[in-house]
J.: 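Below: one structure in structure tokens.
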Amino acid sequence: MYDFDEIIDRRHTNALNTDGFRDYIFHADDSMTFPYKDEEFIRMWVADMEFATPDVVIDGIRRRLDRRIFGYTRVFEDAYYQAFAAWCRRRYGWDFPREQLVMSNGIIPALYELVEYISAPDEQVLFLTPSYAYFKYAADHNHRSCVCCDLVRGEDGSYAVDFDDLERKAADPRTTLFIFCNPHNPTGRVWRREELERIAAIAERYGLWVISDEIHCDLTRSHLTHTPMGKVMPDYGRLVTCMAPSKTFNMAGLMISNVLIRDEGLRAKWLSRHYNFDNPLSIAAAQAAYEEGEPWLKELQAYLDENFAFTGKYLAEHLPRAGYRISEATYLAWVDLSAYFRPEESLTMFFAYEAGVLLEGGNMFVQNSDCFIRLNLACPRSILEEGLRRICEAVNTRHREPYLRKA
């Protein structure tokens, strides 16, 4: 029913993907030049999709537009909660009371607030690495120290938690907050129930606050299912769960996220300090997505499954020493190029200049990620094939001096 092969021109829409990459990736302005024109780049970097947002979402916005007034708005009516709660019950067998639901215009801004509300300046934030960089940024912004627990990579490319190391770091009295990515970005792990139970036991043993970032929960491979941390820790009061329709339905720019805060004191602090208004179009879009978007999501998952399989076959043929394993969740491939590059090299810079491909190198994921690249596969197959062709050709024909990371 849906055309995921359609190519949509996003230039000149103020999209970060097309119009803001110099500042975000390279911390540079428009004076930065490349051998490629902007319109010639293959964009496989920031985590939004090259697919059209579902019609049901656009129709939901249109219905709200027809009401013709867009004044100050919050989620007052029960319909939004019912739509989101039904989504979680249907897909995850998990429920939560309405009073726990508060809204944020993004999970990143929520993290920045929650780190401040939960922890003290002399305390530290724990997370698993490689890590989504904004976990660290949220701690840095609030002048909190970070402590990292490196995931262990097996010979087959799979990742696992080093539970002994996690427990040692959780036992430190200075560690009070654990920010957990479930499913994991960038490795794409879908944590199994037994893994989540061991993580939960450690968190409960040391009384840690847990923020479970579950923004990728809907984007598992078709044969896998996400388990919310709230389902594993049904009675633990120090749990905050963050979910959003933004990744799932390609509506990140609408800036709406769901934050589930169990603790009454923390929730009261959030409500008293958070600027608590929501975009009326965003509410309508998210509610429509939860009510009507599941058929679109099912077809998206099937298309992504095929993109991941295609990527594996292409790399095996053209870049055989690359380490690649199909991600269990997200639309992001995590590729090990340590057979071709040294840790001090900037892979982001190399592929921008030598291949005309924008991607994120491992140096953007805190640590335990040298010589990796993260590729956004949520794009039409033709774009994916061209991006992979350029990547493989650039690696196989490289002859210039290495692009070293900035000091």
Side-chain angles (χ1 to χ4, degrees), residues 2 4 6 8-21 24 43 45-88 91 101-114 132 134 185 213-219 241-260 270 274-297 300 330-332 376 378-379:
Y2 307 101
F4 294 105
E6 179 187 8
I8 300 172
D9 186 1
R10 301 177 63 188
R11 290 175 301 150
H12 312 301
T13 64
N14 291 309
L16 179 64
N17 189 306
T18 56
D19 302 328
F21 72 91
Y24 191 98
R43 293 171 164 81
W45 67 288
V46 68
D48 59 17
M49 296 192 263
E50 295 296 295
F51 306 133
T53 299
D55 288 346
V56 295
V57 173
I58 296 169
D59 291 342
I61 293 172
R62 285 197 182 105
R63 290 192 294 270
R64 182 62 184 86
L65 284 171
D66 288 341
R67 302 300 295 267
R68 298 187 299 158
I69 295 177
F70 310 103
Y72 292 115
T73 305
R74 286 173 54 188
V75 177
F76 294 110
E77 294 190 338
D78 195 51
Y80 179 85
Y81 161 74
Q82 292 297 343
F84 175 47
W87 179 269
C88 291
R91 295 185 65 83
L101 175 63
V102 299
M103 308 303 298
S104 172
N105 62 1
I107 291 178
I108 292 173
L111 290 176
Y112 276 60
E113 290 189 56
L114 289 165
Y132 182 51
Y134 277 92
N185 172 24
D213 176 1
E214 304 190 9
I215 195 170
H216 295 281
C217 62
D218 302 317
L219 294 165
T241 301
C242 300
M243 292 180 169
S246 52
K247 303 295 184 193
T248 308
F249 297 103
N250 204 20
M251 44 184 281
L254 290 173
M255 305 295 289
I256 187 167
S257 299
N258 309 298
V259 181
L260 300 164
W270 173 281
H274 178 75
Y275 186 74
N276 204 33
F277 287 104
D278 304 303
N279 186 314
L281 301 182
S282 302
I283 297 170
Q287 184 173 326
Y290 289 132
E291 290 176 343
E292 306 173 74
E294 208 151 13
W296 182 90
L297 174 58
L300 170 70
T330 78
Y331 44 72
L332 306 164
N376 185 340
C379 58

J.: Check whether any side-chain heavy atom of L16 sits under 4.5 Å from a side-chain heavy atom of W45, and report yes or no.
T.: yes
J.: Looking only at non-hydrogen atoms, find the nearest pair between M243 and C217 and report the distance.
T.: CE-SG, 4.1 Å
J.: What is the minimum heavy-atom distance between W296 and T248, and which atoms define it?
T.: CZ3-O, 3.1 Å
J.: What is the distance from atom CG of L111 to atom SG of C242, rounded to the nearest 0.5 Å?
T.: 6.0 Å
J.: Do P54 and Y2 have side chains that approach each other closer than 4.5 Å (heavy atoms only, starting at C-beta)?
T.: no
J.: With a cut-off of 3.5 Å and sequence neighbours excluded, list every side-chain donor-acceptor pair involving residues 76-85.
T.:
| residue | atom | partner | partner atom | Å |
| --- | --- | --- | --- | --- |
| D78 | OD1 | R98 | NH1 | 3.2 |
| D78 | OD2 | Q82 | NE2 | 2.7 |
| Y80 | OH | N258 | OD1 | 2.6 |
| Y81 | OH | F96 | O | 2.7 |

J.: Without swapping roles, check the side chain of K247 against the backbone of T330 for a donor-acceptor pair under 3.5 Å.
T.: no
J.: Does this structure show an ion pair linking R63 with E291, if we count only N-O contacts that are shorter than 4.0 Å?
T.: no
J.: Report the C-alpha distance between R91 and E294 in whole Å, list the side-chain angles of each, state the deciding distance to 0.1 Å, and finish with yes or no for salt bridge (charged side-chain N to carboxylate O under 4.0 Å, His left out).
T.: CA-CA 10 Å; R91 295 185 65 83; E294 208 151 13; 2.8 Å; yes
J.: Whether the side chain of T73 engages the backbone of N279 through a donor-acceptor N/O pair (distance < 3.5 Å, no angle test) should be reported.
T.: no
J.: Nearest 0.5 Å please: distance from the CG atom of N185 over to the NE2 atom of H216.
T.: 4.0 Å
J.: Going by ring pair (Phe, Tyr, Trp, His ring centres under 6.0 Å), name the residues that satisfy it together with F51, two or more places apart in sequence or in a different chain.
T.: F4, Y303
J.: Test of understanding: with side chain to side chain contact (heavy atoms under 4.5 Å, CB included), list the residues that count as partners of F70, not counting sequence neighbours.
T.: R64, L65, P280, L281
J.: Are there over 12 heavy-atom neighbours, none belonging to D9, within less than 6.0 Å of that residue's CG?
T.: yes
J.: List, one per line, each side-chain donor-acceptor pair under 3.5 Å for residues 55-62, sequence neighbours excluded.
T.:
| residue | atom | partner | partner atom | Å |
| --- | --- | --- | --- | --- |
| D59 | OD1 | R62 | NH1 | 3.0 |

J.: In Å, rounded to the nearest 0.5 Å, how long is the span from CE of M255 to CG of D278?
T.: 11.5 Å
J.: Can you measure from CD1 (I283) to CG (L254) and round to the nearest 0.5 angstrom?
T.: 11.0 Å
J.: Please report the shortest heavy-atom distance between Y134 and I108, naming the atom on each side.
T.: CD2-CG2, 3.6 Å
J.: Taking only residues two or more places apart in sequence or in another chain, which ones pass side-chain hydrogen bond (donor to acceptor under 3.5 Å, both in side chains) with D213?
T.: none
J.: Quick one: closest heavy-atom pair of A378 and M49, and the distance?
T.: CB-CG, 3.3 Å
J.: Do L297 and L219 make a side-chain contact, defined as non-hydrogen atoms from C-beta onward lying under 4.5 Å apart?
T.: yes
J.: Give, for atom OG of S246 and atom CG of D218, the distance between the pair rounded to the nearest 0.5 Å.
T.: 10.0 Å
J.: Using 0.5 Å steps for rounding, measure from the SG atom of C88 to the CG atom of L260.
T.: 7.0 Å
J.: Starting from the C-alpha separation in whole Å, work towards a yes-or-no answer on side-chain contact (heavy atoms from CB on, under 4.5 Å) for V46 and F21.
T.: CA-CA 9 Å; V46 68; F21 72 91; over 6 Å; no
J.: My understanding is that only residues two or more places apart in sequence, or in another chain, count here; which of them pass side-chain hydrogen bond (donor to acceptor under 3.5 Å, both in side chains) with D48?
T.: R10, N17
J.: To check you understand the geometry: which heavy-atom pair defines the closest contact between M103 and N276, and what is its length?
T.: O-OD1, 3.9 Å
J.: Give the minimum heavy-atom separation between W87 and A289, together with the two atoms involved.
T.: CZ3-O, 4.0 Å
